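Given the structure is predicted, the values throughout are model-derived calculations rather than measurements.
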2 protein chains.
Amino acid sequence: MSRRIDPTNVVPKYYQLASILRDQIESGEWAPRTPIPSERQLEITYDVSRTTIRQALEYLERQGFLYREHGRGTFVSPQKLQKGMQELTSFTEDLQRRGIVPGQLVRSVDTVVPPPSILQRLELPPDSKVLRIERTRLGDDIPIGLQTSYVKLAENQTITLQDLEATGSLYRILQEKFGIIPTEADETLEVTLATPEEAALLQIKPDAPLLLNERLTYDQYRRPVEYVKILYRGDRYRYVIRLTR
Amino acid sequence: MSRRIDPTNVVPKYYQLASILRDQIESGEWAPRTPIPSERQLEITYDVSRTTIRQALEYLERQGFLYREHGRGTFVSPQKLQKGMQELTSFTEDLQRRGIVPGQLVRSVDTVVPPPSILQRLELPPDSKVLRIERTRLGDDIPIGLQTSYVKLAENQTITLQDLEATGSLYRILQEKFGIIPTEADETLEVTLATPEEAALLQIKPDAPLLLNERLTYDQYRRPVEYVKILYRGDRYRYVIRLTR
DNA sequence: GGGATAAACTGGTAATGACCACATGACAAG
DNA sequence: CTTGTCATGTGGTCATTACCAGTTTATCCC
């Protein structure tokens with residue numbers, strides 16, 4: 001056993017346990033496809049109830065680290081499945097995970113009245129104003145995507161260029177400044193062709209094929225908070241996703 | 001209260017309860033954004049323990065029907081979020097859900113030695129044979145995608161054209177005939193251009209932009225079972241996905 | 001040796017009871 | 001009226017106990 005569970009810690013026990021077990025998996029101490037100790041054994045080892053054990057295991061199972069077979073045991077997932085790609089992540093984390101150095105150029109931050117279709121998706125009345133952020137996404141310093149975000153904010157809330165350049169992450173700002181946690185999102189992907197303006201910004205030819213990614217993000221109260229449109233260079237970007245039944 | 005829980009039923013109580021609650025939500029009896037009864041109240045109403053209540057609620061929460069707010073209650077999700085799109089579904093279900101009549105032409109079913117890159121992804125030794133299925137996917141009788149599946153099967157297992165035409169679903173065959181349950185998958189999406197052959201099959205011009213969807217599917221034991229490549233017409237298909245944190 | 005059976009595992013479901021953390025509203029104090 | 005406090009209701013965490021349902025292994029019997 002590597003670490004122990006601290007009963008006085010404010011972090012829940014099941015979460016502490018999950019962290020410990022995840023470490024054992026990621027360090028290779030427990031090999032893929034091999035069974036981990038049984039729930040009754042873990043109960044003894046870590047001196048917590050089976051309730052807690054199962055809560056931790058279920059958490060790791062949902063993240064793709066473990067899988068269970070009734071009557072046989074709980075097993076470590078093959079490494080390929082351990083990368084939790086099913087989650088709602090930002091562009092930044094996404095590229096980092098793939099070994100590409102992410103970067104961005106903020107082209108503009110302003111307040112506008114967006115097209116009606118976008119207002120409707122954000123569940124806002126006509127002529128409402130929202131924050132618009134236009135960015136160029138970079139991978140290893142090469143432009144790979146044009147991103148336009150429309151963010152629903154309350155009257156007294158705003159985000160500045162300085163905020164964005166300080167953290168680089170819109171999601172972190174939303175969470176830390178306004179307590180808004182992006183929790184769910186609907187996303188679509190389709191093919192389009194570059195307009196001359198888009199082509200210039202992406203340093204490609206007009207009519208070159210692009211991957212169009214649209215996303216509507218909801219917060220922890222299931223209110224739409226952000227509509228995003230990203231145009232990716234077709235030759236430099238690939239969208240990756242994990243699906244679970 | 002509509003239905004009751006049958007304690008003698010082989011179906012677990014939490015699952016029975018989840019079905020009942022899901023019906024109340026889908027029928028509109030419980031409106032979006034309104035709180036459902038508290039866990040203590042449901043305990044009394046359905047005469048089961050809070051353990052069971054919470055198991056049912058957690059299940060529905062993961063499916064997107066409910067969301068919780070600590071200290072406030074459990075709420076019905078907005079309808080848009082109730083469609084479980086994050087799941088591993090087949091092409092058929094996918095189109096049906098979007099109101100398009102799905103169809104397919106099975107172009108060929110045979111056994112081949114696939115390219116090394118595919119063998120590697122299926123974790124098979126060089127020169128292994130796999131089942132190849134080539135299909136044209138139709139939406140409202142128009143070709144919208146070319147699908148090539150490579151399926152890992154044991155020596156004594158095979159799938160025939162008749163099997164496929166009977167059910168139309170490869171996944172159902174895998175499950176019912178061999179007990180293989182597709183559980184997880186890694187998927188990528190990118191842009192390519194149509195070769196002359198592909199263009200002919202899809203009734204489009206050569207070099208027209210296509211959406212390339214590759215998928216590696218794993219079974220309940222986390223073994224790769226199927227590699228799929230689908231080429232969609234860029235002007236007739238849009239990929240839709242739900243993301244959850 | 002072969003085959004049926006039973007014991008000893010595994011995870012899955014369920015009940016009960018306790019306490020904690022957070023949100024809300026009633027109410028008293030200023 | 002405003003502010004702070006406290007009671008109450010909500011979901012979140014945890015321990016304990018019991019039994020069920022699959023799987024594997026040992027064992028007995030032929």
In residues 12-19 of chain A, which ones come under 4.0 Å of DNA chain D, going by heavy atoms?
-> Pro12(A), Lys13(A), Tyr14(A)
Partners passing salt bridge (Lys or Arg N to Asp or Glu O under 4.0 Å) against Lys229(B) (at least two apart in sequence or in another chain) = none
Hits for salt bridge (Lys or Arg N to Asp or Glu O under 4.0 Å) against Arg33(B), two or more places apart or cross-chain, chain-then-number order -> none
Pairwise 5' ranking along DNA chain C for Val48(B) and Arg40(B), keeping only the more 5' one = Val48(B)
Residue closer to the 5' end of DNA chain C, Arg72(B) versus Gln55(B) (nearest nucleotide) | Gln55(B)
Holding to side-chain contact (heavy atoms from CB on, under 4.5 Å), I want the full list of residues that pass it with [X], two or more places apart in sequence or in another chain.
X         : answer
Lys152(B) : Leu124(B), Pro224(B)
Pro116(B) : none
Val10(A)  : none
Gln55(B)  : Tyr14(B)

Would you classify Ser38(A) as touching base, sugar-phosphate or nothing, given that sugar-phosphate means primed atoms plus P, OP1 and OP2, and contacts are heavy atoms under 4.0 Å?
-> sugar-phosphate
Which two nucleotides bound the region of DNA chain C that has atoms under 4.0 Å from heavy atoms of chain B, read 5' to 3'?
-> dT13(C) to dT24(C)
Along DNA chain D (nearest heavy atom to each residue), the more 5'-positioned of Leu57(B) and Thr52(A) | Leu57(B)
Toward the 5' end of DNA chain D, by each residue's nearest nucleotide, Val10(B) or Arg50(A) | Arg50(A)
Distance only, no hydrogens: is a donor on one side chain within 3.5 Å (strictly under) of an acceptor on the other, for Tyr59(A) and Gln63(A)?
-> yes
Taken in chain and number order and not counting sequence neighbours, the residues that satisfy side chain to side chain donor-acceptor pair (under 3.5 Å) with Glu134(A) are Ser108(A)
Phe178(A) atom CZ, neighbour heavy-atom count above 12 within 6.0 Å = yes
List in chain and number order the residues that pass ring-ring contact (aromatic ring centres under 6.0 Å, His included) with Tyr239(B), two or more places apart in sequence or in another chain; answer none if no residue qualifies.
-> none
Segment of DNA chain D, first to last nucleotide, that comes within the 4.0 Å heavy-atom reach of chain A = dT13(D) to dT24(D)
Would you mind listing every salt bridge (charged side-chain N to carboxylate O under 4.0 Å, His left out) that reaches into residues 65-75 of chain A, with sequence neighbours excluded?
-> Glu39(A)-Arg68(A), Glu61(A)-Arg68(A), Glu69(A)-Arg72(A)
